Amino acid sequence: MDDSSNPPMDQLPPEPAPFRGVVKDTYVESTPDWPPPLRPPASAPNIIVIMVDDLGFGQLSCFGGPIEAPHLSALADKGLRYTNFHTTALCSPSRAALLTGRNHHSVGFATIAEMASGFPGANAFLPKSAASIAEVLKQTGYSTYCAGKWHLTPTSEQTAAGPFDRWPIGLGFERFHGFLPGEVDQWHPMLTVDNHRVETPTVGRKNPDGSTNDYHVSEDIVDASIRMLRDQQQVSSGRPFFLYLPFGAPHCPFHAPPEFIDHYAGRFDDGWDVHRRATYERQLEMGIIPEGTDLPPRSNAVPAWDSLDGDAQRLYARLQETFCGFVDHTDAQIGRLMDALDEMGIADDTAVIFLSDNGASAEGGKHGTTNTERFRNMMFMEVDEMLDDISHMGSRHTDPHYPIGWSQAGNAPFQRWKRDTHRGGNTDPMIVHWPAQIPAADQGAIRTQYHHITDLYPTLLDMAGLPIPTRVNGVDQQPLEGHSFAPTISNGDTPNVKTTQYYEMLGSRAIWHDGWTAVTWHRPGTDWADDPWELYHQDIDYSQAHDLAGEHPEKLAELVALWWDEARAHNVLPLDDRGRERFIDPLRPTASEDRDVYRYFPGSTPIPNPSLPLILNCPHSLAAHLTLSDVDVW
């Protein structure tokens, strides 16, 4: 059926097609007419968006880093690498911006859902006026699937009691296989399939020899993705598909099979200072960063590697090996997915976009950790506490994260890290692989236009040949705040279309405008008026190595004033730098109504920690009713 039979798609759901048959008194005299299937334009591709978590700009080999990740390198070699792509600097906000095409404050995600506060820009309730890209694609004829980390449901709505309208199925995905919170044990996750919890698996995928691996969530979500796509393809429905594949990796805990970790044994014994500079030099040689880019000095928060004793160096090197093995294990799963596309004969017609949600994380602190719960409770580990874990790092008996020095090396050539508004926090690798649209002569090319994660939404619609909807499910839509970068896929000389982009994360702030950036790092608990603003001519100073605030005070004042204008326009205010106080905010809605007694029943679904009643710093008691069998329990 040609596309002319489809109704306009700028208001969704579209009006039903009129009946074009004939109705008489009997069927013999009548002519039937079936409603036409809803389809996007015939040229609409299959789309896969792969997001990884906490991967820095300078960690993959295809961006100059030390991690081999051969399957991602293959995608980059036959695709395009975007070296001026930006995110929000934190996970939930980046996911919200990707799926809605609006800035994170504009849709209530100033920070992660677990830190939501009662202000429009920070309540973690995605508004119906910002329909997800999945909802739009579903209502225009796509099959829509999600497998992996979600992290966009308010904590008060994450239980099996619902409501479910902000779970993946409620936001436009027809199938979901993954986990709702921001972090899980990769060996033992709390899993959700569609709208219900499932028991944590214990056995992983089968090997060619018939043996089975230990379960790992990255393998599971790719298995689920392949099943979904095969189910769709074998029916030959004619519908293209949209798969959103957000890995939990390589966010801590760094969990990977030992053979992936051991592959990097000994490679990082010379330390983060050597590797940061080596990454920078490879980036220059590869053209990932412009000629003339300078490497900013090592942060004062990072000790010189040569100042560390032997035990610290040995521990820190193993933590970095564990992280690199974790990334390569993730890369292997991406390779399995690409092999499945080839096997189904659909690789050429599938556009694959790979990106990270923020820069490399410094949440391991000075020494790293083998127990990230210690970090969350501000009880940082010392080197001697972790030495016994070196031999089994990355196993189910550890909960690892590397120290801050590897985070800075992983974000080379930039300053700072995840949660900050300097480029180390918000500049990330992005790869676009689309064989049908990237000519052979352009494969492996680099794109340098300035893009932001809000630009994904209009880009996907542009690739599919679909309009931006003005009304979805009876609700007028907020204006999109992203701009399509689809023209850059076929033309590397396409000029920038974006002129301004603000940033704010946990009190730190930045703004990019016409090639200049003003940025300030905010120390929690201090007066915002005392924050020192820095100024960079980013078109010339790619790595933010030369602060021009003293030389151009008028330019800095102009940009700071523009930041406040943008903040007022996008629900950024009020500024809020609280940390633990936001996690345990007693005013935030909870899943359970306030009562004196809560009853929990055998055989019921587990309740996520953030959805449990608040019992911190208040008197409480626990009572259990047990039924004992005749066996000797003593």
Side-chain angles (χ1 to χ4, degrees), residues 1-24 27 30-49 99 101 128 131-147 165 167-177 194-195 224-245 340-341 343-353 434-437 457-475 477 484 486:
M1 187 154 314
D2 69 54
D3 294 336
S4 64
S5 63
N6 277 339
M9 295 189 180
D10 60 336
Q11 298 198 27
L12 303 174
E15 290 291 329
F19 177 73
R20 293 187 172 92
V22 177
V23 177
K24 296 290 187 178
Y27 80 92
S30 302
T31 304
D33 179 49
W34 294 96
L38 193 61
R39 295 286 186 271
S43 59
N46 302 313
I47 298 170
I48 299 177
V49 174
L99 292 178
K128 305 300 183 184
S132 79
I133 185 66
E135 182 71 23
V136 174
L137 291 177
K138 180 181 72 172
Q139 295 202 32
T140 50
Y142 269 78
S143 301
T144 56
Y145 309 121
C146 177
D165 56 333
W167 289 36
I169 302 299
L171 287 170
F173 291 100
E174 295 172 309
R175 297 294 312 280
F176 174 66
H177 186 109
D194 298 333
N195 275 358
S225 298
I226 293 171
R227 285 196 304 270
M228 293 175 190
L229 299 187
R230 284 176 175 163
D231 285 346
Q232 197 248 18
Q233 288 295 304
Q234 70 186 7
V235 175
S236 300
S237 67
R239 299 171 68 194
F241 63 78
F242 169 54
L243 169 65
Y244 172 48
L245 179 58
L341 298 181
E343 184 269 332
M344 288 182 271
I346 55 176
D348 285 353
D349 295 324
T350 301
V352 178
I353 299 176
W434 191 3
Q437 291 296 321
Y457 187 115
T459 299
L460 299 187
L461 292 181
D462 208 351
M463 292 162 65
L466 294 167
I468 295 168
T470 58
R471 190 173 178 83
V472 178
N473 296 331
V475 180
Q477 296 295 287
S484 172

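Please read all numbers here as calculations on a predicted model, not as lab measurements. In this chain, numbering begins with 1 at the start of the sequence shown. All heavy atoms count here, side chains included; hydrogens, waters and symmetry mates do not.
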Between Leu341 and Asn46, is there a side-chain heavy-atom distance shorter than 4.5 Å? no
side-chain contact (heavy atoms from CB on, under 4.5 Å) against Pro458, all qualifying residues, sequence neighbours excluded: Leu480, Ser484
With Val23 via side-chain contact (heavy atoms from CB on, under 4.5 Å) - residues at least two apart: Phe19
Look up atom CG in Leu229 and atom CD in Glu343, then write down how far apart they are to the nearest 0.5 Å. 11.0 Å
For Asp194, enumerate each residue passing the salt bridge (Lys or Arg N to Asp or Glu O under 4.0 Å) test, keeping only those at least two apart in sequence or located in another chain. Arg175
Can you see which heavy atom on Ala44 is nearest to which on Pro240, and at what distance? O-CB, 4.1 Å
Could you walk me through whether Ile133 and Tyr244 pass side chain to side chain contact (heavy atoms under 4.5 Å, CB included), step by step? CA-CA 10 Å; Ile133 185 66; Tyr244 172 48; over 6 Å; no
In this structure, OG1 of Thr140 is separated from CG of Leu466 (nearest 0.5 Å) by 4.5 Å
Those residues at least two apart in sequence (or on a different chain) that pass side-chain hydrogen bond (donor to acceptor under 3.5 Å, both in side chains) with Arg230 are none
Closest heavy-atom pair and its distance - His177, Met228: CB-CE, 3.8 Å
Spatial distance of atom CG (Leu243) from atom SG (Cys146) [nearest 0.5 Å]: 8.0 Å
Between Gln139 and Leu137 (side chain of the first, backbone of the second, donor and acceptor by atom type, cut-off under 3.5 Å), is there such a pair? no
Between Leu38 and Pro36, is any pair of side-chain heavy atoms under 4.5 Å apart? no
Across all chains, not counting sequence neighbours, the side-chain contact (heavy atoms from CB on, under 4.5 Å) partners of Val22 are Lys24, Thr31
With sequence neighbours left out, write down each residue that passes side-chain hydrogen bond (donor to acceptor under 3.5 Å, both in side chains) with Gln232, or none if nothing qualifies. Ser143
Criterion side chain to side chain contact (heavy atoms under 4.5 Å, CB included) on Leu460 and Val136, from CA distance to verdict: CA-CA 11 Å; Leu460 299 187; Val136 174; over 6 Å; no
Indicate yes or no: at least one non-hydrogen side-chain atom of Leu461 is less than 4.5 angstrom from one of Pro467. no
Side chain to side chain contact (heavy atoms under 4.5 Å, CB included) between Thr350 and Val352, intermediate numbers included: CA-CA 6 Å; Thr350 301; Val352 178; 4.1 Å; yes
Nearest non-hydrogen partners of Asp33 and Pro18, listed with the distance: OD2-O, 3.9 Å
Residues at least two apart in sequence or cross-chain that pass side-chain hydrogen bond (donor to acceptor under 3.5 Å, both in side chains) with Asp231, listed by chain then number, are none
Decide yes or no on side chain to side chain contact (heavy atoms under 4.5 Å, CB included) for Leu171 and Glu135, but give the supporting numbers first. CA-CA 6 Å; Leu171 287 170; Glu135 182 71 23; 5.9 Å; no
Can you see which heavy atom on Phe242 is nearest to which on Tyr142, and at what distance? N-CD2, 3.8 Å
Given 3.5 Å as the limit, does a donor-acceptor pair link the side chain of Thr144 with the main chain of Gly172, or not? yes
Using side-chain hydrogen bond (donor to acceptor under 3.5 Å, both in side chains) as the criterion, list what pairs up with Glu174, not counting sequence neighbours. Arg239
What's the spacing between Trp434 CH2 and Ile47 CD1 if we round to 0.5 Å? 7.5 Å
Hits for ring-ring contact (aromatic ring centres under 6.0 Å, His included) against Trp167, two or more places apart or cross-chain, chain-then-number order -> Phe164
Sequence neighbours excluded, the answer for side-chain contact (heavy atoms from CB on, under 4.5 Å) partners of Asp349 is Ala436
Minimal non-hydrogen separation, Tyr457 against Ala131, with atom names: OH-O, 3.1 Å
Can you name the nearest heavy-atom pair linking Asp10 to Ile468, along with the distance? CB-O, 4.3 Å
